[in-house]
Amino acid sequence: MSETAQPVRVRFAPSPTGKLHIGGARTAIYNWAFARSQGGTFILRIEDTDPERSTEENTQVILRAMKWLGLDWDEGPEVGGTAGPYFQTQRMETYADALEKLKASGNVYPCFCTKETLDAKRAEAEASEGGYSGYDRTCRAIDPQEAQRRIEAGEPHVWRLKVPEDHGPIAFEDAVYGAVSFPADVMDDMIVVRTDGSPTYNFAVVCDDANMGITHVIRGDDHLSNTPRQILIYEALGLPVPTFAHLSMILGSDGKKLSKRHGATSVEEYAERGYLPDALVNFLALLGWSLDGETTIIPRSVLSAQFSLDRVTKKDAVFDETKLDWMNGCYIREMQPTQWVDAARPWLVKAGAAESDIDERPAWYAALYPLIAERMVRFDEIPAKLSYLFWGPRTHLDEKSVNKVLLKEGARAQEALMAARPIIADASIPWECDPLQERVRSLCDSLDMKAKFVFQPIRVAVCGNMVSPPLFESIELMERDDVVARIDATLEEIFGV
RNA sequence: GUCCCCAUAGUCUAGCGGUCAGGACGCGGCCCUUUCAAGGCUGAGACACGAGUUCGAUUCUCGUUGGGGGCACCA
């Protein structure tokens, strides 16, 4: 990025036609990281020119997702900026100005062909041997005087770019793909302004990027073929062409473009399922970029300092949720207990905690962290894994666990439970993990049982399941009477004593 | 159909003419252990194919095959 001494300005430009999806999020992350690493400016622009599909609600969802991901923008909605406004629908006069400029320079001409005849021609061409190869330039041949008369007579028309006849191949140096070249003769005279006077996507993008002083256009691969068209517009407008950097696609596990049937595709859904924004950012950053090929846990501080376009891959990447899970677990294990409580709050409530209780006993909730941190990868596992802490005196026995640990062991399990019960009920023993555990361990010796034959029945009785966080660390966090009550209930329910 | 792009294990990737082809997820084994995890050690697993260029190709060129994207008065 040395050929331009000017400061870096990049933008992420989503259309509010849906939620922020995974692919868009990665594009946003790369733009953000590139701006941060270059000391540049990161701009957020909303491309809402499609009134049919754009909604205010989607705009809000996108802004919320950006904030959740921690991708702060320097210019854009809510923060403003000198290159605004940042909604395309509010920049209509800039497109009108650009059109006037193109008319004046003769780089554009009116086209009176109706959508219907165009569609018919295209259908016909597609059915024939050669296939469709773009607009046939019928109206380009119309005499300017004649065209002017028809416009004044009120005939509906669009404006098309007059692609130079003698234009050589359109070549550019993509920051990711390297040298890319398109033959100019396959470019048709694209529509730049529609019948209703609104700009088409390619035209609006060029106007905005130019007016906003964008130096690097970092966007999805699906725009690679649009790039030569946009370059033609830059040229017609006499504007400098920015550096382009195209990003490969993110595919689903079946190698097909990521879509609804692959499950969660929006950032919002990942938040709801209990992924940490730092983990998602880290994971997405690595989908097409590497720091050194070795490092996988990359904090955003490193990302924002070390990101570089020359380490971006050209190959499409498959989104592998298994690895995201692992990475989320890594980030959970690095949290501070109080931080974890904050993040876990909605799921703790689902597990049975009262909001007020979380506020009143922060230390107790923070104590859950060491019990669960290395046993969870997503926050939505919390209800299933920690609800036993909120059962009070009742227990909810898992059938499979009962069969395997209590019924199958029969007398031995009953014996262990009955022997452990007085220890747990003994008020002279401090209600703490270590002394309780110590006493139960020595019980194993006196009963001549292996530890698991004593611990597992207690675990099932108290936690309801043969799989749980550490037993006495959990018991310590509960009330003695409740624990005893659960053992009694189990004894009665399973063994009838 | 046409134009453009891509190609290292199941997945994410390192590599930029000579490497035991490296790392991570996942998978197998062992250790630890009251369950499950986490952690440590360890094992299996890849250069799509075919021609060139070269003393030597994963790496450079061409072709084949496979995959992806564009070709709208959508963005």
Side-chain angles (χ1 to χ4, degrees), chain A residues 13-17 47-50 52-54 88 111 113-115 118-119 122 125-134 156-160 174 177 180-183 186-188 190-196 198-202 204-205 220-229 246 248-249 251 253 255-257 283 286-297 311 313-327 329 333 372-377 385 401 405 437 440-441 444 450-460 463 465-472:
Chain A
S15 302
T17 54
E47 308 209 325
D48 55 352
T49 49
D50 182 356
E52 300 289 309
R53 301 191 297 149
S54 301
Q88 287 191 322
C111 170
C113 300
T114 64
K115 188 169 191 321
L118 253 23
D119 286 345
R122 178 165 38 241
E126 275 168 358
S128 76
E129 191 81 8
Y132 180 66
S133 58
H157 61 283
V158 301
W159 288 92
R160 306 190 89 114
D174 190 281
Y177 284 98
V180 183
S181 176
F182 291 79
V186 302
M187 294 292 131
D188 67 352
M190 78 198 99
I191 294 174
V192 123
V193 171
R194 304 186 186 107
T195 309
D196 65 0
S198 65
T200 56
Y201 166 75
N202 282 124
V205 165
D221 196 347
D222 45 340
H223 287 102
L224 191 59
S225 309
N226 275 326
T227 306
R229 298 171 213 288
H246 288 93
S248 59
M249 302 272 89
L251 311 174
S253 48
K256 295 273 163 38
K257 194 175 180 180
F283 177 76
L286 250 20
L287 232 44
W289 174 80
S290 63
L291 179 61
D292 52 18
E294 305 273 301
T295 317
T296 45
I297 298 297
R311 291 195 66 87
T313 334
K314 304 176 221 191
K315 200 184 149 193
D316 291 342
V318 171
F319 188 92
D320 176 18
E321 218 163 77
T322 314
K323 192 167 183 176
L324 208 211
D325 281 346
W326 166 79
M327 192 170 278
R333 277 171 252 132
I372 192 69
E374 57 195 36
R375 304 185 159 73
M376 61 179 279
V377 295
K385 293 195 167 165
S401 300
V405 177
Q437 186 163 296
V440 172
R441 267 189 198 287
C444 298
K450 285 177 75 175
K452 72 186 250 192
F453 294 116
V454 177
F455 279 76
Q456 285 300 77
I458 302 174
R459 186 188 306 281
V460 173
C463 306
N465 200 292
M466 60 194 283
V467 175
S468 82
L471 185 54
F472 282 93

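Residue numbering restarts at 1 for every chain, and letters A, B, ... go by the order of the sequence lines. The figures that follow rest on heavy atoms only: side chains count, while hydrogens, waters and symmetry mates do not.
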Next on the checklist: Using a 4.0 Å heavy-atom cut-off to protein, can you give one letter per nucleotide of nucleotides 64-70 of chain B, 5' to 3': B if the base is in contact, S if only the sugar-phosphate is, - if neither?
Outcome noted: ----SBS
Next on the checklist: Return a single string for nucleotides 26-37 of chain B, one symbol per nucleotide in 5' to 3' order, where B is base contact, S is sugar-phosphate-only contact and - is none, cutoff 4.0 angstrom on heavy atoms.
Outcome noted: S-------BBBB
Pairs under 3.5 Å (N/O, protein and nucleotides 18-22 of chain B):
from	atom 1	to	atom 2	distance (Å)
G22(B)	O2'	E294(A)	OE2	3.4
G22(B)	N2	G293(A)	O	2.7

Between protein and nucleotides 44-48 of chain B, what N or O pairs are separated by less than 3.5 Å?
none

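Applying the salt bridge (charged side-chain N to carboxylate O under 4.0 Å, His left out) rule to R122(A) yields the partners D119(A); only residues at least two apart in sequence or on another chain are considered. By the ring-ring contact (aromatic ring centres under 6.0 Å, His included) test, F453(A) pairs with no residue at all, sequence neighbours left out. With sequence neighbours left out, the side-chain contact (heavy atoms from CB on, under 4.5 Å) criterion links V193(A) to L99(A), W159(A), F203(A). Every side-chain contact (heavy atoms from CB on, under 4.5 Å) that D325(A) has, sequence neighbours left out, goes to Y275(A), V377(A), R378(A). In this structure, K323(A) has no salt bridge (charged side-chain N to carboxylate O under 4.0 Å, His left out) partners at least two apart in sequence or on a different chain. The side-chain contact (heavy atoms from CB on, under 4.5 Å) search around L471(A) returns F455(A), I458(A), R459(A), C463(A), I475(A), not counting sequence neighbours. Partners of R53(A) by salt bridge (charged side-chain N to carboxylate O under 4.0 Å, His left out), not counting sequence neighbours, listed by chain and number: D50(A). Every side-chain contact (heavy atoms from CB on, under 4.5 Å) that N465(A) has, sequence neighbours left out, goes to D398(A), S401(A), V467(A).
S181(A) comes within 4.0 angstrom of sugar-phosphate atoms only, judged by non-hydrogen atoms across all strands, and of no base. Residue contacts shown for G220(A) are absent, as no nucleic acid heavy atom lies under 4.0 Å away.
With rounding to whole Å, I297(A) atom CD1 is found 10 Å from G39(B) atom P.
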